[in-house]
Amino acid sequence: MKLLTASRQKHTETVTALSWTSSNDLFTSSDDRTILQWAQGSEHVTSICTLPEECFPTCMDWLPAAGGQGAKRVQSDLFALGSADGKVRFVSRAGRVEKTIDAHRGAVIDLHWSFDGSALLTGGEDGCVKIWSRTGMLRSSLVQLSVPVYACAWNAAADAVLYAHDRALVIKPLQPNAKVEQWKAHEGLILCLDWNAVNGCIVSGGEDRRVRLWDSYGRALFAAAPHEHPITSVKWAPDGSMFAVGAFNTLRVCDQAGWSHCLEKPACGSILRLAWTDDGTKLAAAGSTGAVVFASIVEKKVEWKNFEATLTAPDAVSVRDIVQNTKEPLEFRDHVVQMSMDFGYLIVATVTQCFLYRVGSWLNPVVFDLPKEGTISLVKQSDKYILLVDTNEGVQVYSYEGRLVCSPRLANARGEALNANTLAVSADVLAVRDHRDERVVHIYDIQSAKVVGKPLTHAVPVQQIALSAGPLRFLAIVDANRSLYITPVLRSEWKLEKLGTMVLSISWHDTTPMLSAFCDGRLSVWVAPGAVYIDKGLASNVRLDFDATEYGKAPTILSFVADACLVRRSDGTQLVASVPLHASLLLGLLQDRKWDPAARLCRFIKSKEMWSVMASYGATARDVAACEAAYAALGEIDKVQYLQQLKAIPTPEGRNAAMCLFAHQPDEAEQILLQAGLIYRAIDLNCTLNRWERALDLAVKHKTHVDTVAGRRQQYLQLMRRSETDPKFASLQGSLAIDWASIDAKIKQELEAERTRPGAKPY
């Protein structure tokens, strides 16, 4: 990634504040007491007003545009301006001062609107941090310190604030009696900070010349090497993918993990303020020499297999086929906002349009218009759909033909707060983490745009979610404790199973339900993670572990395609981690139910991991022979004996139910038996599982084998040396006689009827 920079000198004194509007006009203020408007960041500059002689501006922030999902986005016409005389002025676009507030004794050093524009946060030279209403009324004076507050920020929900206290960072919730988080962050005075609403991370810089990253709990994520000069400004890009750092004659853009994308040395003196446009494609920096530095992000890259797309200019993309060594230039009318390449398609979103290119066919893209209001902040792909996140319209799902499939109304979610870790899309469902309660994940059906079932509620906040590909749909989550869980999707209830701890990054395979993760200092690949629901003994066998020393301390899995994981180290270096080819080959055979070739492959490889994968898939597909061969190779004699016994069941429905029971799915087994009219087998299944109430309910409902259930219950209680406590069974003791000869005769009759029913045949 690179910066295209241009320095323009229109102010005669130090530029102290700047802010972009939602229409990408830049407003700047300076010690020359003028406010200038830069139309679309161009050379066309208009003087808005000249401030009074006693007013030397120090900071400014535009009121966020109003709007939401489906609502028309209304651009604001007001910005807040702090000054050295302790006042905050509400100034209109035309330069008229609408209101003046006596905010602090001494200079107003920093101010920020909340993300919904309902409140204004200010920090001052007097050591106070205050919250003001939209109309300028004082809501709260949060703290009174003995030292100036040089920087402050809101969290995403506007229910907590972050401020700098000398060398420490402090997170103060707005709720009464809530715990305040405070930690020493720097060795010198903290001069700047920012808190991103999307990824929840904090970046800070100070006189110790270091830039540091923190999570919202105060845990250190990254510490940069010392710069040449004190860090005077930091600013997150709106989507949280990167942040900018300003120092003396220094402008740096860093990845959200902390490593540096690019470095420029503009001759503008100390960079006192930084500001990004809403789409994150342009950056403006306020220089102490009076210069304003404009920077455009270029050289961004997306990769898929042997193709690489590079943003060569704000409105141009070059696609390179590495194998054929060919390049294809793509030009656009507007500047590019987002790019994504996966599943054989390149997606390019500009300000006004979205272009869908099939890989290898670059001349005839599918093009559709985007909403006029809002900005595309995220693009995600699945094998069937494209997901666009618009800051105004919210989430929109399109087909690869450019047809709008749905635009779900998300519960407790704002478009600008969604990111790749809190949103997942598959071929049939969409998963979204709740914005207000981070423990909750909602599932939406893509075709109907409606919520599917009850939301998943985890015990601790969820930090990352991902949906699997392939016919078996699983949801993987990583929580705040860095533990990895999976659960089947589209089931009657959630069944979370823990797979690992100390997880840094996860990624599903692009076509199969293989899951990769950096877990406990190793690169782990679960070839069939669903085995944990079939047989707990298989769960550890389907996991392949590889040494992860070469990937450093905090690696990230960017993609998992074919037999390779693309990994990015903490310093930005990208490496390829190879996964044994036979794993994906075996999964391809198993998904196509080609059991004999799969068994031959397993015999050739002679790996217990691959036999365990086959056993898991065989049980899921209810194939007795595949399961028997796999468990025999694993030496699981007890399971082989069970599989041989169920072959004696005369009906296919009975064998399928027995396989469901083998796979720990008793409810599905019962449903199969009831639909087939095998009432006795359904009753016997529940008795075997000691589900006595359910067995009695079935017997009473179908008016058969009530005495069988009561008799087996008596035998169970006698064996366990217990007395009857269930009122339903207690009421039967006096009114129902247990005649075992009659019961045995009925059972024999039921089994004989099952053997002679149409369709019955031995295995």
Side-chain angles (χ1 to χ4, degrees), residues 342-343 380-387 395 397 405-406 408-413 418 420-434 437-479 483-500 503 506-517 526-534 539 542 560 587 590-591 613 616-617 619-622 660 663-668 671:
D342 210 347
F343 300 99
K380 295 200 75 171
Q381 296 176 246
S382 72
D383 55 344
K384 289 186 178 180
Y385 301 110
I386 309 157
L387 184 146
V395 172
V397 180
V405 179
C406 72
R409 306 285 294 183
L410 302 185
N412 302 330
L418 295 172
N421 289 336
T422 60
L423 194 64
V425 62
S426 69
D428 48 12
V429 295
L430 170 70
V432 184
R433 191 193 70 183
D434 194 287
D437 188 349
E438 295 184 351
R439 301 173 303 137
V440 177
V441 178
H442 301 275
I443 303 295
Y444 296 84
D445 178 71
I446 289 181
Q447 291 297 329
S448 65
K450 294 181 179 179
V451 177
V452 179
K454 295 181 180 179
L456 167 66
T457 302
H458 193 44
V460 295
V462 175
Q463 292 191 339
Q464 184 178 359
I465 61 176
L467 285 167
S468 67
L472 303 176
R473 185 74 62 239
F474 292 99
L475 173 68
I477 67 171
V478 179
D479 63 22
S483 297
L484 172 62
Y485 294 83
I486 67 165
T487 177
V489 182
L490 303 178
R491 296 288 180 90
S492 57
E493 60 182 12
W494 297 103
K495 295 181 180 179
L496 282 172
E497 290 289 346
K498 189 174 182 178
L499 292 185
V503 175
I506 65 171
S507 178
W508 288 100
H509 193 262
D510 63 334
T511 58
T512 65
M514 275 199 296
L515 178 63
S516 61
W526 286 267
V527 183
V532 71
Y533 297 98
I534 304 299
V542 300
F560 187 9
L587 286 183
L590 294 176
Q591 287 183 348
V613 172
S616 170
Y617 270 78
T620 302
R622 303 169 191 167
C660 282
H664 301 280
Q665 299 169 350
D667 292 332
E668 292 187 19
Q671 190 66 27

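For clarity, every value in this text was computed on a predicted model and none was experimentally measured. The first residue in the sequence is number 1, and the count goes up from there.
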Exercise. Taking the side chain from Lys495 and the backbone from Pro488, do they hold a donor-acceptor pair closer than 3.5 Å?
Worked result: no
For this session: Indicate yes or no: at least one non-hydrogen side-chain atom of Val425 is less than 4.5 angstrom from one of Ile446.
Result: yes
Exercise. If only atom types and distance count, is the side chain of Trp526 paired as donor or acceptor with the main-chain N or O of Ala531 below 3.5 Å?
Worked result: no
Problem set entry | Non-hydrogen atoms of Ile534 and Ala619 that approach each other most closely | CG2-CB, 3.4 Å
For this session: Report the C-alpha distance between Gln591 and Thr512 in whole Å, list the side-chain angles of each, state the deciding distance to 0.1 Å, and finish with yes or no for side-chain contact (heavy atoms from CB on, under 4.5 Å).
Result: CA-CA 9 Å; Gln591 287 183 348; Thr512 65; 3.9 Å; yes
For this session: Answer yes or no: is there a side-chain heavy-atom contact under 4.5 Å between Tyr533 and Thr620?
Result: no
Problem set entry | Exercise: identify the closest heavy-atom pair between Ala517 and Leu484 | CB-CD2, 4.3 Å
Problem set entry | Check: Leu423 main-chain N/O paired with Lys380 side-chain donor or acceptor under 3.5 Å | yes
Exercise. Any side-chain heavy atom of Asp434 within less than 4.5 Å of one from Pro455?
Worked result: no
For this session: Without swapping roles, check the side chain of Ser516 against the backbone of Ser507 for a donor-acceptor pair under 3.5 Å.
Result: yes
Exercise. Taking the side chain as C-beta and beyond, is there a heavy-atom pair between Asp428 and Val489 under 4.5 Å?
Worked result: no
Exercise. Taking side chain as C-beta onward, heavy atoms only, is Thr511 less than 4.5 Å from Asp383?
Worked result: no
Exercise. Looking at Val429, Val432, Val397, Val395, which one forms a side-chain contact (heavy atoms from CB on, under 4.5 Å) with Tyr444?
Worked result: Val432
For this session: Could you tell me which non-hydrogen atom of Asp342 sits nearest to which non-hydrogen atom of Gln381, and how far apart they are?
Result: O-NE2, 2.8 Å
Exercise. For the atom pair OG1 (Thr422) and CD (Gln463), what is the distance rounded to the nearest 0.5 Å?
Worked result: 11.5 Å
Exercise. Which of parallel (below 30°), tilted (30 to 60°) and perpendicular (above 60°) describes Trp508 and Phe474?
Worked result: parallel
For this session: First locate atom CD1 of Ile477, then atom CZ of Arg439, and finally report the distance between them rounded to the nearest 0.5 Å.
Result: 11.5 Å
Exercise. Under a 4.5 Å cut-off applied to non-hydrogen side-chain atoms, are Val441 and His458 in contact?
Worked result: no
Problem set entry | Test item: Glu668 side-chain N/O and Cys660 main-chain N/O as donor-acceptor pair under 3.5 Å | no
Exercise. Hey, does Leu456 have a side-chain heavy atom less than 4.5 Å from the side chain of Val462?
Worked result: no
Exercise. What distance separates Leu430 CG from Ile443 CD1, expressed to the nearest 0.5 Å?
Worked result: 8.0 Å
Seminar exercise, completed: What one should report as the nearest heavy-atom pair of Ser382 and Ala427 is OG-N, 4.2 Å
Exercise. Does the side chain of Tyr617 come within less than 4.5 Å of Leu472's, by heavy atoms?
Worked result: yes
Problem set entry | Considering all heavy atoms, the nearest Leu587-Met514 contact | CD1-CG, 3.1 Å
For this session: Examine distances only and state if a side-chain atom of Arg473 and a backbone atom of Ser468 form a donor-acceptor pair shorter than 3.5 Å.
Result: yes
Exercise. Looking only at heavy atoms, which two atoms of Ser616 and Gly530 are closest? And how far apart?
Worked result: OG-C, 4.3 Å
